[in-house]
Visitor: 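Before we start, here is the structure in question, set down as structure tokens.
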Protein chains: 2
Amino acid sequence: MFKSVLIAEDQEFVNISLRKAFEDLGIREPGSAYYCDEALKKIKIGIRTGRPYELLITDLSFEEDHCVQELSDGMELIAAARQAQPDLKVLVFSAEDKPAVIERLFAVLGINGYVRKSRGDSQKLKDAIESIYKGSRYFPSDIRQAIKQKNAYAFNEFEILIIRLLSQGKTQKEIPCYLQENKIYPQSLSSVEKHLNNIKTVLGFSNNEQLIAYCKDMGII
Amino acid sequence: MFKSVLIAEDQEFVNISLRKAFEDLGIREPGSAYYCDEALKKIKIGIRTGRPYELLITDLSFEEDHCVQELSDGMELIAAARQAQPDLKVLVFSAEDKPAVIERLFAVLGINGYVRKSRGDSQKLKDAIESIYKGSRYFPSDIRQAIKQKNAYAFNEFEILIIRLLSQGKTQKEIPCYLQENKIYPQSLSSVEKHLNNIKTVLGFSNNEQLIAYCKDMGII
DNA sequence: CGATTCTTTATGGGAAACCGTAGAAGTACG
DNA sequence: CGTACTTCTACGGTTTCCCATAAAGAATCG
């Protein structure tokens with residue numbers, strides 16, 4: 001079993017009971033951090049002192065407070081941690097349920113496991129740790145299914161960009177200028193229109209407002 | 001101090017450590033539920049057997065699973081609980097940070113306290129319970145401030161309705177028909193336009209897409 | 001290389017949204 | 001009752017968006 005794990009979690013109740021759960025699993029004195037920066041620092045110290053952590057278990061959202069932080073959320077922490085220590089295993093423990101967000105964690109950040117905070121999460125966490133220790137990923141089938149069902153349309157980068165620009169207040173007409181300035185292809189208004197129209201047709205939406213609402217719910221933007 | 005409290009929380013880690021925290025406060029055997037329906041049932045039993053709960057501490061979001069439930073989230077639970085037992089004190093313990101949602105909890109549901117799951121939540125929870133026991137509300141000033149700062153514009157019911165209709169795919173032009181059918185005033189397209197325009201001017205938004213994104217982030221829709 | 005297919009771009013007509021104006025209806029108050 | 005004020009409604013001109021069509025350019029494949 002893992003010998004040294006690090007917990008990054010700002011909810012005090014959860015942080016404490018996670019620590020206790022690990023001690024019950026025979027992992028003594030798991031590292032614990034309430035801030036992302038704090039967690040990264042501990043990881044770097046672990047590397048430097050020749051006692052690197054084997055597993056990072058982290059939440060995604062961390063509350064902002066008076067202490068200004070470099071890393072503002074779990075995704076940034078994971079990216080920074082992996083850069084510092086590429087072989088570090090990462091298990092995300094979060095209440096997040098947006099399909100697109102969870103999918104990105106596996107696809108882009110290459111996490112080793114995801115457990116949703118919910119009923120029976122303590123058993124799932126144990127299973128996940130075991131799976132990861134054995135070298136396999138832990139991607140619960142119910143979440144995988146939810147992603148498939150809900151994420152009917154596979155948005156590409158370009159589409160996500162124009163949707164994000166719209167949601168930031170750019171008008172459709174202004175978008176071609178932005179694309180030209182940033183040398184992003186395609187650039188024409190026609191293409192922007194066509195992509196938006198295609199998405200709306202496939203998903204059965206009748207206006208941009210509905211599309212924005214959908215993307216917000218799914219965590220796409 | 002309270003003699004009987006009920007915990008409604010589906011995250012196992014949190015549920016267990018909440019129970020432990022109450023026992024440390026001298027409240028023996030706090031009730032505990034992992035489903036909203038289960039919580040309501042326990043409240044009703046408490047009334048019937050002459051041993052009603054004094055305090056309900058509940059999360060807002062509950063995971064859906066194979067067990068089909070009548071009540072799907074904490075807000076519905078609170079409403080139902082208050083209907084069954086109007087004098088029940090309610091403390092919400094959630095990770096929710098959308099200003100509009102928290103505000104509604106106090107304004108519409110009349111909850112007695114709100115503690116956000118975050119750093120130092122265990123101390124805040126103790127403070128909240130004490131405040132509520134003494135008969136005053138627990139509405140942390142930092143949250144109150146965040147609501148004031150972020151919620152620059154006070155949306156009225158009519159405005160929220162038309163924003164919601166837009167986000168559900170109704171075109172601006174179709175909305176007057178809907179308003180007429182449901183006998184909601186004002187009904188004219190002009191009024192719909194005028195309200196939307198006013199909101200966007202005040203908030204400095206340039207299109208409906210940006211407005212929808214904002215309302216989603218704030219929890220207004 | 002040519003043929004096919006897909007994507008990007010250009011264009012224009014029609015629909016919807018935007019915006020200002022003006023009149024009608026409702027409300028508050030002396 | 002009249003005046004001032006606000007809100008709602010109706011209308012028209014302008015802009016933006018929507019959508020179909022067609023041409024130009026890139027990718028694939030025999």
Visitor: Looking at CD of B/Glu9 and NZ of A/Lys117, how far apart are the two atoms once the value is rounded to the nearest 0.5 Å?
Guide: 10.0 Å
Visitor: Quick check for you: name the first and last nucleotides of DNA chain D, 5' to 3', having an atom under 4.0 Å from a heavy atom of chain A.
Guide: D/dT16 to D/dC19
Visitor: Taking the axis from the first five pairs and the axis from the last five, what angle separates them in the helix from C/dC1-D/dG30 to C/dG30-D/dC1, rounded to 10 degrees?
Guide: 30°
Visitor: A/Tyr35: what forms a ring pair (Phe, Tyr, Trp, His ring centres under 6.0 Å) with it, not counting sequence neighbours?
Guide: none
Visitor: Search all heavy atoms of B/Ala81 against all heavy atoms of B/Leu56 and return the closest pair with its distance.
Guide: CB-CD2, 4.3 Å
Visitor: Chain B on DNA chain C: first and last contacting nucleotide, 5' to 3', under 4.0 Å to a heavy atom?
Guide: C/dA16 to C/dC19
Visitor: Can you name the nearest heavy-atom pair linking A/Gln168 to B/Gln210, along with the distance?
Guide: O-NE2, 3.3 Å
Visitor: How many angstroms lie between CD1 in A/Ile175 and CG in A/Leu196, if you round to the nearest 0.5 Å?
Guide: 7.0 Å
Visitor: Please report the shortest heavy-atom distance between B/Gly74 and B/Thr58, naming the atom on each side.
Guide: CA-OG1, 4.4 Å
Visitor: Would you call the rings of B/Phe155 and B/Tyr214 parallel, tilted or perpendicular, taking 30° and 60° as the class edges?
Guide: tilted
Visitor: What are the residues of residues 157-185 of chain A, sorted by number, that bring a heavy atom to within less than 4.0 Å of DNA chain D?
Guide: A/Thr171, A/Gln172, A/Lys173
Visitor: In residues 188-200 of chain A, which ones come under 4.0 Å of DNA chain D, going by heavy atoms?
Guide: A/Glu193, A/Asn197, A/Lys200
Visitor: So with a 6.0 Å cut-off around NZ of A/Lys200, is the heavy-atom count from everything else above 12?
Guide: yes
Visitor: Does B/Ile57 reach the side chain of B/Leu125, with side-chain heavy atoms less than 4.5 Å apart?
Guide: yes
Visitor: Check whether any side-chain heavy atom of B/Pro176 lies under 4.5 Å from a side-chain heavy atom of B/Gln187, and answer yes or no.
Guide: no
Visitor: For residues A/Ser61 and A/Asp10, report the shortest heavy-atom separation together with the two atoms involved.
Guide: O-OD1, 3.9 Å
Visitor: Could you tell me if the side chain of B/Tyr133 sits less than 4.5 Å from the side chain of B/Lys89, heavy atoms only?
Guide: no
Visitor: If we ignore angles and hydrogens, is there a donor and acceptor under 3.5 Å between the side chains of A/Gln172 and A/Asn208?
Guide: yes
Visitor: For atom CD of B/Glu64, decide whether the heavy atoms of other residues, nucleotides or ligands shown that lie under 6.0 angstrom number more than 12.
Guide: no
Visitor: Looking at every non-hydrogen atom in both residues, tell me the closest pair between B/Ile221 and B/Arg164 and how far apart they are.
Guide: CA-NH2, 3.9 Å
